[in-house]
Amino acid sequence: MTAQYFLATKQHGCSPRFGWEVRGVVLVAWMLCVVFMVSGAVLGGAGGGGGSAMPPALYADQQLVDPRQESQARALMVTLRCPVCQGQSIADSDAPLAGDMRHHVRLKIADGQSAEQIRAWLVARYGRWVSYDPPFDSLTAPLWYGPLVFLVIAVAIAARLFRKRLCDAEGMDNAEEGEKTRENMVARNMATADENPSPALAVSTADSPKDIA
Amino acid sequence: MTQTRDISLIRRRLLFFLPLALMGLLFGVLLYRLSAPNNVALESQWVGQSFPIFDLPAATEGVEGLNSRSFTDGQPRLVNIFASWCIPCRVEAPQLEALAEAGVIIEAIAIRDRPEDVAEFLKYYGNPFAHIGGDWQSEVPIALGSAGVPETFIVDGQGIIREQIQGAILPGHTADIIAKLEALK
């Protein structure tokens with residue numbers, strides 16, 4: 001049923017139910033999903049590192065006894081980058097060094113240190129890059145503003161697209177012409193309304209500013 | 001009239017493919033980065049600071065453990081972080097031997113290494129080290145901001161880290177290292 005809707009070409013002599021732009025976007029979104037699923041399957045086995053025969057440190061995988069401290073430690077660990085497998089946090093990484101870092105983070109939390117203290121301790125040694133929580137300054141401002149800017153641009157483009165598509169017949173890619181066609185349609189509706197009054201038409205005639213006395 | 005209609009038709013067709021082309025470009029970039037992740041070669045931010053305080057037991061039988069207190073005895077030294085399971089560490093063994101013979105004090109920290117594996121390594125590759133501390137939870141590398149093995153730190157007589165050498169020490173570097181340590185005396 002959805003496929004029929006998606007593939008339908010013409011409707012009411014106006015633009016197709018799903019225009020080319022919408023179909024293009026859906027196709028692209030579908031491709032994105034496929035790419036990410038495939039790459040996830042391929043790269044899911046990444047991690048590890050080091051041929052160390054030693055078992056993991058005690059608190060690498062063992063949780064703290066106090067659940068509040070454990071959730072504090074966990075919240076911190078997902079925001080710390082693994083220095084070996086740099087695309088992962090130390091919570092996710094299989095690297096032995098990441099296990100040792102989890103061990104030390106848990107010990108420090110159990111010792112009473114705050115998450116921010118531990119983060120600062122690690123940043124002082126590994127650099128700002130080890131934290132997934134970049135501070136807001138002149139260097140990282142684009143990171144924070146970027147999505148907002150892109151959102152505004154996207155909304156502006158979408159608004160323009162929707163205005164253009166208002167009964168956009170083939171060959172007409174001009175908003176003005178679209179408006180003219182709309183007015184013609186309204187005039188035609190008005191002509192038929194004299195012979196056949198109905199509440200729906202009353203709404204459409206009120207749209208045109210000329211009609212409001 | 002038909003001409004303008006044709007041109008605008010072509011324009012619409014091109015515009016239709018534009019988002020797809022942009023997405024294709026984005027995919028290309030993302031797939032490239034997925035296959036070749038941007039692994040930054042990390043440098044320790046602790047160079048210039050005092051060596052972290054630690055007290056490590058002997059890494060294996062027949063060697064002495066390492067205490068950071070000994071770093072403030074006025075003698076500059078090398079601190080070599082290694083492991084028996086680390087291949088480049090085997091590559092730099094001859095260079096460390098040469099440095100020890102030239103009178104350089106080399107302290108070692110064995111990372112995540114079972115005592116029997118360390119003994120095996122020393123038997124096969126020799127022991128140029130004054131002390132070998134066993135660090136089984138990477139306590140010292142984490143305190144140093146170090147992420148790999150082997151790494152060698154040049155430490156002055158007051159226990160301040162002067163330089164970090166990442167990776168195996170190559171034959172051409174030994175003279176340079178000896179000169180740097182002489183300058184720190």
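For the numbers below, each heavy atom of this structure counts, side chains included, while hydrogens, waters and symmetry mates do not. So that the names make sense, note that chain A is the first sequence line, chain B the second, and so on, each numbered from 1.
Proximity to chain B is limited to the side chain of A/Leu122, based on heavy atoms less than 4.5 angstrom apart. Looking at B/Leu144, only its backbone comes within 4.5 Å of chain A, counting heavy atoms on both sides. For a residue to count as touching a neighbouring chain, one of its non-hydrogen atoms must lie under 4.5 Å from one of that chain's; by this rule B/Leu30 touches chain A with the side chain only. With a threshold of 4.5 angstrom between heavy atoms, B/Asp117 approaches chain A through side-chain atoms but not through N, CA, C or O. When heavy atoms are compared at a cutoff of 4.5 Å, B/Ser84 does not approach chain A at all. Contact of B/Glu139 with chain A is made through backbone and side chain together, with heavy-atom distances under 4.5 Å.
Sulfur atoms SG of A/Cys82 and A/Cys85 are positioned 2.5 Å or more apart.
Within a 6.0 Å radius of CZ in A/Arg74, other residues, nucleotides and ligands contribute 12 heavy atoms or fewer.
B/Phe51 and B/Phe71 have perpendicular rings, their planes meeting at more than 60° on a 0 to 90° scale where under 30° would count as parallel.
Between A/Ser93 and the choices A/Gln86, A/Met101, A/Gln88, the side-chain contact (heavy atoms from CB on, under 4.5 Å) rule is met once, by A/Gln88. A/Arg106 pairs in a side-chain contact (heavy atoms from CB on, under 4.5 Å) with only one of the listed residues (A/Gln69, A/Gln62, A/Gln72, A/Met77), which is A/Met77.
A/Asp100 and B/Ser138 share a side-chain donor-acceptor pair at under 3.5 Å.
Of the residues considered (B/Val149, B/Ile111, B/Leu20, B/Asp113), B/Asp113 shows the highest number of contacts with chain A, using heavy-atom pairs under 4.5 Å.
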